[in-house]
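Report on the following structure.
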Amino acid sequence: MRTAVLVEPMEFELQDRGRPTLGPDEVLVAIRDVGICGSDVHYYEHGRIGDYVVEDPLVLGHESAGDVVEVGDDVTGLEAGDRVALEPGVPCRRCAHCKRGEYHLCESVEFMATPPHDGAFAEYVAWPADFAYKLPETVSTVEGALCEPLSVGIHAARRGDVGTGDTVLVTGAGPIGLMVAEAARAAGATDVIITDIVPEKLEFARARGVDRAINVAGTDLETAVDEYTDGVGADVVVEASGAEPSIRSTLDGVCRGGTVVLVGLSDEAEVPFDVLEVIDNEIDVHGSFRYANTYSAAIDLLADGVVDVEGMVDFRSSLENVDDAFGRAMEPTVIKGIISFDDD
Ligand SMILES: NC(=O)c1ccc[n+]([C@@H]2O[C@H](COP(=O)([O-])OP(=O)(O)OC[C@H]3O[C@@H](n4cnc5c(N)ncnc54)[C@H](O)[C@@H]3O)[C@@H](O)[C@H]2O)c1
Ligand SMILES: C[C@@H](O)[C@H](N)C(=O)O
């Protein structure tokens with residue numbers, strides 16, 4: 001099977017590998033669409049993300065969907081011909097976190113395209129059937145693949161307890177910020193404000209219907225949010241840029257008694273944060289890491305037309321053109337590229 005393998009930073013090699021063997025609880029999936037995520041680009045450019053280092057050749061891609069072509073002996077509920085979205089993190093299912101339903105916090109989770117675990121830039125993937133979600137007729141495999149970043153957005157909105165009538169400030173209008181905006185709206189937020197420093201990103205977010213898009217390169221965040229909220233501030237701020245100034249500024253945008261959710265991963269582990277302001281204003285600060293129990297919700301939202309993820313796709317590329325695709329994905333105005341096996 002055709003597989004794109006990252007062999008060195010900035011270098012993919014197309015390899016012909018044997019099809020994976022199928023375990024009794026697994027499905028064999030012919031991959032159709034895989035989203036290119038910022039973390040794939042980071043591994044491509046730098047060969048590492050923090051402590052995760054690409055030491056051996058790695059298959060990237062963790063936002064994937066495709067066709068079931070074979071099911072293991074013990075699989076029920078899925079059959080050949082079903083289209084599925086693959087949830088990329090498979091936990092141990094036995095530890096305290098798994099038992100509590102917080103399986104994304106499982107210390108033994110094996111996450112696609114995170115060293116040493118291969119991802120989905122491959123013609124076939126064998127995957128545990130309970131982490132393969134059947135797509136209804138109306139949901140495309142591109143949408144199925146993008147259930148992954150949408151799940152990051154849904155989990156962040158849940159962590160912020162976003163509810164009906166809330167004003168939500170999302171900092172960073174990349175794919176994750178846009179997914180958070182979609183999820184917040186779906187959770188009942190009536191006002192969504194977004195920030196960025198790239199005018200095209202803000203224009204894109206505006207065209208998708210955010211209520212206010214603020215270029216924080218030239219506008220003071222606190223003043224702009226105060227203007228919009230009559231001096232109250234946002235009920236929930238979700239930080240989705242990972243930029244240090246943006247992380248610090250979350251406290252300028254949140255209302256007293258509000259919630260800050262940190263999703264964006266800063267290059268620095270330590271970022272100065274005004275803890276007195278946190279205490280004085282009773283701000284709840286939550287981390288948000290990946291997601292758990294979100295795929296069914298993501299698929300329902302897509303099937304009902306409540307969220308739009310396909311509109312974020314800038315281009316589709318074949319596996320053979322993976323180097324070009326990553327070059328394009330690195331352009332600052334690009335939101336989402338897809339490696340599509342249908343194009344072959
Ligand atoms: N916690 C998690 O589970 C999780 C999951 C996926 C991604 N992430 C992280 O979320 C962040 C966003 O991911 P992405 O794929 O959208 O990244 P991205 O780089 O495509 O988007 C980030 C956006 O933030 C903007 N930005 C930069 N500086 C800014 C500033 N000072 N204020 C406002 N916006 C600013 C950029 O212009 C860009 O549009 C990254 O740090 C990523 O690593 C976290
Ligand atoms: C959650 C996922 O999208 C992220 N890129 C990660 O590797 O954790």
Side-chain angles (χ1 to χ4, degrees), residues 34-46 48-52 58 60-64 86-89 104-105 109-115 117 119-120 145-160 169-183 193-205 213-221 224 237-250 252-253 261-268 271 286-292 294-295 298 312 314 329-337:
V34 191
I36 301 175
C37 171
S39 60
D40 295 317
V41 174
H42 208 88
Y43 282 126
Y44 175 69
E45 263 192 291
H46 306 291
R48 67 183 303 152
I49 297 180
D51 292 340
Y52 292 101
L58 184 72
L60 294 178
H62 61 269
E63 304 175 353
S64 69
L86 300 184
E87 182 172 350
H104 59 307
L105 301 180
V109 71
E110 295 185 358
F111 202 93
M112 275 189 194
T114 302
H117 307 292
L146 297 183
C147 281
E148 203 281 337
L150 178 57
S151 285
V152 175
I154 292 170
H155 186 66
R158 286 180 180 167
R159 293 286 290 155
L169 167 64
V170 183
T171 56
I176 295 298
L178 293 171
M179 293 291 182
V180 171
E182 292 284 319
I193 308 171
I194 205 157
T195 70
D196 209 287
I197 52 171
V198 176
E200 290 86 348
K201 294 275 179 73
L202 292 163
E203 201 42 58
F204 186 76
I214 305 168
N215 189 337
V216 285
T219 308
D220 179 60
L221 178 71
V237 179
V238 182
E239 206 303 304
S241 76
E244 184 182 320
S246 182
I247 295 170
R248 275 189 280 129
S249 77
T250 52
D252 299 333
V261 180
L262 301 175
V263 180
L265 301 169
S266 160
D267 287 338
E268 301 298 327
V271 173
H286 297 292
S288 186
F289 180 61
R290 296 177 177 164
Y291 42 78
T294 48
Y295 263 65
M312 294 182 203
D314 296 288
M330 285 194 282
E331 291 169 17
T333 55
V334 165
I335 304 287
K336 183 59 69 181

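Numbering of ligands and ligand atoms starts at 1, following listing order.
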Donor-acceptor contact below 3.5 Å, side chain Asp314 vs main chain Ile335: yes
Closest non-hydrogen atom pair between Ser266 and Val271, with its separation: OG-CG2, 3.7 Å
Identify the protein atoms, limited to N or O, that lie within less than 3.5 Å of an N or O atom of ligand 1, and list each pair with its distance to 0.1 Å.
unit_1, atom_1, unit_2, atom_2, d
ligand 1, 1 (N), Val263, O, 3.0
ligand 1, 1 (N), Ser288, O, 2.8
ligand 1, 3 (O), Arg290, N, 2.6
ligand 1, 16 (O), Pro175, N, 3.3
ligand 1, 16 (O), Ile176, N, 3.0
ligand 1, 37 (O), Asp196, OD1, 2.6
ligand 1, 39 (O), Asp196, OD1, 3.4
ligand 1, 39 (O), Asp196, OD2, 2.6
ligand 1, 39 (O), Lys201, NZ, 3.0
ligand 1, 41 (O), Leu265, N, 2.9
ligand 1, 41 (O), Leu265, O, 3.4

Distance in Å, Lys336 NZ paired with Met312 CE, rounded so as to fall on 0.5 Å steps: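 One gets 9.0 Å once the value is rounded to the nearest 0.5 Å.
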Thr195 side, atom OG1; Lys201 side, atom NZ - distance, nearest 0.5 Å: 11.5 Å
Element-labelled atoms of ligand 2 that are located less than 4.0 Å from some non-hydrogen atom of His62: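 Contacts of ligand 2 toward His62, numbered from 1: 2 (C), 3 (O), 5 (N).
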Numbering as shown, the atoms of ligand 2 that approach Cys37 to under 4.0 Å (heavy-atom distance): 5 (N)
Residue and atom name of the nearest protein heavy atom (relative to atom 5 (N) of ligand 2), distance in Å to one decimal: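 Answer for atom 5 (N) of ligand 2: Ser39 OG, 3.0 Å.
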With sequence neighbours excluded, residues passing side-chain hydrogen bond (donor to acceptor under 3.5 Å, both in side chains) with Glu203: Arg206
Selected option - heavy-atom contact closest to atom 1 (C) of ligand 2, from His155, Arg290, His104, Met179: Arg290
Less than 3.5 Å apart, which donor and acceptor atoms pair up between the side chains of residues 172-179 and the rest of the protein, not counting sequence neighbours?
none

Results of side-chain contact (heavy atoms from CB on, under 4.5 Å) for His42 - residues two or more places apart only: His46, Ile49
Audit row: Tyr291, Glu87, side chain to side chain contact (heavy atoms under 4.5 Å, CB included) steps and yes/no: CA-CA 10 Å; Tyr291 42 78; Glu87 182 172 350; 3.8 Å; yes
Glu148 N/O to ligand 2 N/O under 3.5 Å: yes
